[in-house]
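Okay, so here's the structure we're looking at.
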There are 2 protein chains.
Amino acid sequence: MATGRNHRPATSRSRGIPEATVARLPLYLRALTALSERSVPTVSSEELASAAGVNSAKLRKDFSYLGSYGTRGVGYDVEYLVYQISRELGLTQDWPVVIVGIGNLGAALANYGGFASRGFRVAALIDADPTLSGKPVAGIPVQHTDELEKIISDNGVSIGVIATPAGAAQQVCDRLVGAGVTSILNFAPTVLSVPEGVDVRKVDLSIELQILAFHEQRKAGEEPAGEPETDTAPPAAPPAVAVQKRTGSGPDGDVPAVMPA
Amino acid sequence: MATGRNHRPATSRSRGIPEATVARLPLYLRALTALSERSVPTVSSEELASAAGVNSAKLRKDFSYLGSYGTRGVGYDVEYLVYQISRELGLTQDWPVVIVGIGNLGAALANYGGFASRGFRVAALIDADPTLSGKPVAGIPVQHTDELEKIISDNGVSIGVIATPAGAAQQVCDRLVGAGVTSILNFAPTVLSVPEGVDVRKVDLSIELQILAFHEQRKAGEEPAGEPETDTAPPAAPPAVAVQKRTGSGPDGDVPAVMPA
DNA sequence: CCATCTTTGTGCACGCGTTCACAAAGGCAT
DNA sequence: ATGCCTTTGTGAACGCGTGCACAAAGATGG
């Protein structure tokens with residue numbers, strides 16, 4: 001964009017950190033924090049990469065985007081790197097977040113320790129159920145949705161977490177954005193549409209499971225035969241323009257009716 | 001590996017579906033299911049792409065890996081596509097899963113509707129806390145970790161969900177794998193090491209938040225000044241080879257204050 | 001039966017991310 | 001001080017994923 005396609009901005013760092021690198025920085029930070037707690041002074045790219053579960057070359061390239069920290073022949077200073085990455089990620093400042101939708105998941109999130117630590121602070125819990133209002137969850141009283149805009153505004157919240165049912169997610173999202181939130185972490189199984197400039201990250205348990213199921217199925221299909229087996233007896237009928245909508249579920253051993261209701 | 005690098009296996013489909021495509025199939029499936037419930041017979045790539053929040057060309061290319069479903073000039077048959085994608089993802093069969101670690105998060109997962117529907121069935125809840133044993137969560141009695149291997153074996157479980165504290169995750173993982181689980185969905189903030197052939201997918205709230213914080217910081221840094229501001233007063237000192245190891249470990253919880261100075 | 005119009009399926013090019021492999025840089029021993 | 005040894009930082013090649021743009025396919029109306 002602004003930087004064009006510069007591989008490396010000459011002297012200074014920062015401007016163009018690739019997304020993939022940003023996504024790994026928290027991993028490095030976690031590994032480094034663990035080392036820091038054990039008072040390990042320095043670490044090599046090989047060791048750290050191993051701890052973070054990545055390739056060492058990748059790690060070095062990632063760090064090269066931040067700048068030339070690290071000493072050749074020695075490695076990286078743990079404490080210094082912790083600070084630099086924290087700073088780059090914006091964790092040296094306090095980020096108030098709100099959680100909307102205090103059901104099972106929302107409550108679990110509120111109780112999750114990972115939120116409170118590392119620069120994030122649960123500023124408020126919000127739910128549409130009036131019977132929840134005032135009740136404390138994880139030591140924080142739940143507030144009603146009516147207060148949403150005021151809460152966002154008063155606390156200067158820019159990050160919102162949506163843990164509502166799918167049906168309410170877009171509406172909540174719109175209100176959050178309208179109130180000034182520019183980053184959203186969405187746990188509801190819905191595609192959120194937001195104006196430009198607003199970041200949305202999605203956490204979807206169902207999708208993750210389905211991806212696992214795909215690989216699981218592929219493994220199961222290859223293991224027994226040990227043969228490529230180009231086609232596993234295609235049971236399905238061709239598209240056929242005029243097919244009856246509800247495929248009777250006859251020819252297929254199992255119930256295809258994937259949808260519950 | 002086994003498949004080499006075939007772009008598309010000539011006539012037949014299936015073998016080489018790109019990971020990125022697999023990751024989107026659940027999205028399409030969800031959108032299609034919604035259409036199906038509204039009894040919409042056919043849908044164009046444009047409409048469906050919009051509903052799934054992706055580019056229409058990408059969607060068409062994704063579907064082309066599955067085969068040539070769809071009718072030119074018309075679009076895709078919703079019901080048929082639902083079935084095909086479900087089949088490709090392995091959702092036409094029943095996948096028993098176990099959830100290990102029934103804390104706040106584990107309980108939320110057990111209650112999560114998305115699990116029960118769409119081919120997944122919570123076969124068991126497992127926790128190390130003996131006081132939980134027998135207590136029902138989401139209608140399913142919690143069983144003790146001692147039973148883990150037997151549960152996996154008896155139910156033919158191949159997918160495990162880890163919702164334990166970080167410290168226990170690797171150990172639980174090893175036991176799951178040892179008992180025959182080959183796909184793991186990990187909610188614990190740890191890098192799991194598993195033998196080859198075992199798939200691990202990670203869901204990490206803390207990482208997602210940190211990524212959002214990064215972008216949020218970048219947005220905040222560009223908006224007010226409107227100037228790149230090449231360096232925000234670098235408070236840091238160079239790595240400095242010979243620093244004292246333990247920098248006053250006092251402020252551990254809050255300010256990193258890791259400046260060797 | 002033919003013309004037209006819609007929508008799919010995909011060849012192609014581009015850019016990002018990953019990995020290899022190595023030169024440069026610095027500590028350390030002698 | 002000098003040479004060796006370790007480890008970083010990165011140039012370059014490769015492969016994957018994305019998006020454009022268009023030809024092929026088929027439905028639809030006359």
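Naming convention: chains lettered A, B, ... in sequence-line order (proteins, then strands); numbering from 1 in each chain.
- Between B/F63 and A/A57, it is B/F63 whose nearest contact on DNA chain C lies nearer the 5' terminus.
- Remark: side-chain polar atoms of A/S50 are not paired, donor with acceptor, to backbone N or O of A/E46 under 3.5 angstrom.
- In this structure, A/E19 places its CD atom 8 Å from P of C/dG17, rounding to the nearest Å.
- Residue side chain B/K61 does not reach the base of C/dG9 through any donor-acceptor N/O pair under 3.5 Å, judged by distance alone.
- A donor-acceptor contact closer than 3.5 angstrom is absent between the side chains of A/T33 and A/E37.
- The neighbour count for A/Q171 CD, taken as heavy atoms of other residues, nucleotides or ligands under 6.0 Å away, does not exceed 12.
- Among the candidates A/Y80, A/Y28, A/Y76, the single residue satisfying the ring pair (Phe, Tyr, Trp, His ring centres under 6.0 Å) test with A/Y69 is A/Y80.
- Between the side chains of B/R87 and B/T92, no donor-acceptor pair of N or O atoms lies under 3.5 Å.
- Between the C1' atom of C/dT10 and the CG atom of B/L59 lies a distance of 14 Å, rounded to the nearest Å.
- Atom pair A/L66:CG and D/dG9:C1' shows a separation of 13 Å (rounding to whole Å applied).
- If you take NZ of B/K58 and C1' of D/dG19, they are 9 Å apart, rounded to a whole angstrom.
- Judged by distance alone, the side chains of B/S183 and B/D199 never bring a donor and an acceptor atom under 3.5 Å apart.
- Side-chain N/O atoms of A/N55 include none lying less than 4.0 angstrom from OP1 or OP2 on C/dG17.
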Every protein N/O within reach of nucleotides 1-5 of chain C N/O, cut-off under 3.5 Å:
none

Atom pairs under 3.5 Å, N or O on each side, protein against nucleotides 5-8 of chain D: can you list them with distances?
unit_1 : atom_1 : unit_2 : atom_2 : d
D/dT7  : O4'    : A/G73  : N      : 3.1
D/dT8  : OP1    : A/S45  : N      : 2.5
D/dT8  : OP2    : A/S45  : OG     : 2.6
D/dT8  : O2     : A/R72  : NH1    : 2.8

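- For the 3.5 Å distance criterion, the side chains of B/E79 and B/Y83 fail to qualify, holding no donor opposite an acceptor.
- For the pair B/I17 CD1 and D/dG17 C1', the interatomic distance rounds to 15 Å; values are reported in whole Å.
- At a cut-off of 3.5 Å, with distance as the only test, no side-chain donor of A/Q170 or A/T190 sits close to an acceptor on the other residue.
- Ion pairing of B/R30 with A/D204 is present here, as a side-chain N (NZ or NE/NH1/NH2) and a carboxylate O approach within less than 4.0 Å.
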